[in-house]
> 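Structure incoming, see below.
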Amino acid sequence: MLYIYPNRVETLKLAFGAQIKEPRAKLTMCGRFILTSPGKDLAEHFGLLTEPELSPRYNIAPTTEVATIRLEPGSNSRRLTYLKWGLIPFWAKDTSIGSNLINARCETLSQKPAFRAAFKSRRCLIPANGFYEWMKTKERKQPYLIQMTNGSLFAFAGLWEHWEGQENVVLESCTIITTESNDFLRPIHDRMPVIISSKDYDSWLIPKVSGRDLLQPYPSSEMIYFPVNPRVNRAVYGNPDCVEPVFRAESDTESLSLID
DNA sequence: CCAGACGTTGTT
DNA sequence: GTCTGG
DNA sequence: CCAGACGTTGTT
DNA sequence: GTCTGG
């Protein structure tokens, strides 16, 4: 029909009536994070009974399995399990909706059909040592890593779901809740993931508490961010140099050079 | 009543 | 499953 | 979140 | 532009 090779972009613009846009310099939302602490540290931080086997992950992407902390059914002990990132509601006919539900707005959790049930009774914590945001310029997408000032382990507020497909296929999945940004991140973006203070872990996980009051922007004073190696842009690339700080030249035409 | 959506982010 | 739109 | 695909027919 | 896969 209209797919002609050499001038593919121009052809597609014609095909889809695309407008030519000038991207603006602005950070986008959290859809990628890291978990690098050893299992021993997670066990300590979350009070796990057994020490999990973990290898550091420098580029955790949607649709992959992520480590989560949930309450053991029937008890209040915490357990680490892996869930697919991208929530699949129990009523979904197939799993394709999941990749759209990697985040959930905290303001509407109790109204949205996709999250309402999970918000009542299926909460989790998602351990992380940092998350990525991207600055878009005309030339490139520059990733930034956002962390606690001391680089320590923390936890996103999450929800999870149980889904059953045909032939006994069972899938458990999760989503990360977002809220308005704190003062530190607001100038560059108006949303950020909800981070739960360690003193509030039980309040979040035990669903008898409403939990609404915990879904606040985390304090600015405890956060830092810096530009990192753009190799992290590829979701399949997971080497430690993802978190390598880079010095961003003022001019877009200059290449990036490493600090240190 | 049935059919179809059910979500976020970002743009314009 | 449950809500909205027709 | 970003990267990469984005289509059909037929045949080997 | 918009959807899918990671």
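We use all heavy atoms of the structure for the numbers below, so side chains are in, but hydrogens, waters and symmetry mates are not. Just so it is clear: chains get the letters A, B, ... in the order the sequence lines come, proteins before strands, and each one is counted from 1.
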> Under 6.0 Å between ring centres, would you say that holds for A:Phe226 and A:Tyr144?
no
> Specify the separation, in whole Å, of atom CD1 of A:Ile176 and atom C1' of B:dT8.
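Interatomic distance, CD1 of A:Ile176 to C1' of B:dT8: 12 Å.
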> The side chain of A:Trp134 is closest to which nucleotide in this list: D:dA3, B:dT8, D:dC1?
D:dC1
> Would you say E:dG6 has OP1 or OP2 under 4.0 Å from some side-chain N or O of A:Arg32?
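Answer no for this pair, as no side-chain N or O of A:Arg32 is under 4.0 Å from OP1 or OP2.
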> What's the CZ-P distance between A:Arg140 and D:dC1, to the nearest Å?
20 Å
> Can you check whether A:Asn103 has a side-chain N or O nearer than 4.0 Å to OP1 or OP2 of B:dT9?
no
> Using the P atom in both, what is the distance from E:dG6 to B:dG4, to the nearest Å?
30 Å
> Would you please determine if the base of B:dC6 is stacked by A:Trp91, with stacking meaning a centroid separation under 5.5 angstrom and planes under 30 degrees?
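Yes; centroid distance and tilt both under limits.
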> Which part of the nucleic acid, if any, lies within reach of A:Phe131 when heavy atoms closer than 4.0 Å are counted: base, sugar-phosphate only, or nothing?
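Here A:Phe131 touches no strand at all.
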> Within this structure, what is the CD-to-P distance between A:Gln111 and B:dT8, rounded to whole angstrom?
10 Å
> Picking from B:dT8, D:dC2, E:dG6, which would you name as closest to the side chain of A:Asn233?
D:dC2
> Please measure how far the C1' atom in B:dC2 lies from the corresponding atom in D:dT11, and state the result in whole Å.
46 Å
> Would you classify A:Thr95 as touching base, sugar-phosphate or nothing, given that sugar-phosphate means primed atoms plus P, OP1 and OP2, and contacts are heavy atoms under 4.0 Å?
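No contact.
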> Roughly, in whole Å, what's the span from CD1 in A:Ile34 to P in D:dC1?
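The distance from CD1 of A:Ile34 to P of D:dC1 comes to 19 Å, rounded to the nearest Å.
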> Considering only the C1' atoms, how many Å lie between E:dG5 and B:dA5, rounded to the nearest integer?
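Roughly 23 Å separates the two C1' atoms.
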> Report the distance from atom CD1 of A:Ile102 to atom P of B:dT9, rounded to the nearest whole Å.
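Spelled out: CD1 on A:Ile102 to P on B:dT9 is 9 Å.
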> Do any side-chain nitrogens or oxygens of A:Thr178 fall under 4.0 Å of OP1 or OP2 in B:dT9?
yes
> Tell me what A:Leu87 touches on the nucleic acid: a base, only sugar-phosphate, or nothing, going by heavy atoms under 4.0 Å.
nothing
> Strictly below 4.0 Å: does A:Arg116 bring a side-chain N or O up to OP1 or OP2 of C:dT2?
no
> Flag yes if more than 12 heavy atoms outside A:Glu53 fall under 6.0 Å of its CD atom; otherwise flag no.
no
> Can you measure A:Arg191 atom CZ to B:dT8 atom C1' for me and round it to whole angstrom units?
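Going from A:Arg191 (CZ) to B:dT8 (C1'), I get 10 Å.
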> If we check side chain to side chain contact (heavy atoms under 4.5 Å, CB included) with A:Cys174, which of these qualifies: A:Leu87, A:Leu101, A:Ile126, A:Leu159?
A:Ile126
> Applying a 4.0 Å non-hydrogen cut-off, can you work out what A:Phe33 is touching in the nucleic acid: base, sugar-phosphate, or nothing?
nothing
> Whom does C:dT2 pair with, Watson-Crick or G-U wobble, provided both distances fall under 3.5 Å?
B:dA5
> Between D:dG10 and E:dT2, how far apart are the P atoms? Round to whole Å, please.
32 Å
> What's the CD-C1' distance between A:Gln142 and D:dC2, to the nearest Å?
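Interatomic distance, CD of A:Gln142 to C1' of D:dC2: 14 Å.
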> Could you tell me whether the side chains of A:Ser37 and A:Asn129 share a donor-acceptor contact shorter than 3.5 Å?
yes
> Is there a side-chain contact between A:Ser99 and the phosphate of D:dC1, meaning an N or O under 4.0 Å from OP1 or OP2?
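Answer is no, no contact under 4.0 Å.
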> Is it true that the side chains of A:Arg116 and A:Ser110 contain a donor and an acceptor less than 3.5 Å apart?
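Looking only at side-chain atoms, A:Ser110 and A:Arg116 do not form any donor-acceptor pair under 3.5 Å.
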> Between D:dC1 and B:dT9, how far is it from one P atom to the other, in whole Å?
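It comes out at 8 Å once rounded to the nearest Å.
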> Does A:Arg123 count as lying over the ring of A:Phe119, i.e. NZ or CZ under 6.0 Å from the six-ring centre, within 45 degrees of the axis?
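Because its charged atom sits under 6.0 Å from the ring centre and within 45° of the axis, A:Arg123 does stack over A:Phe119.
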> For the residue pair A:Tyr225 and A:Phe184, is the inter-centroid distance of their aromatic rings smaller than 6.0 Å?
yes
> Think A:Arg234 has a side-chain N or O under 4.0 angstrom from the OP1 or OP2 of D:dC1?
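Looking at the OP1 and OP2 atoms of D:dC1, neither is under 4.0 Å from any side-chain N or O of A:Arg234.
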> Rounded to whole Å, please give me the gap between CG in A:Asn229 and P in D:dC1.
20 Å
> From the list B:dT8, D:dC2, E:dG6, which nucleotide is the closest neighbour of the side chain of A:Val236?
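Per side-chain heavy atoms of A:Val236, the pick is E:dG6.
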> Strictly below 4.0 Å: does A:Lys112 bring a side-chain N or O up to OP1 or OP2 of B:dA5?
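No, because none of the side-chain N or O atoms of A:Lys112 sits under 4.0 Å from OP1 or OP2 of B:dA5.
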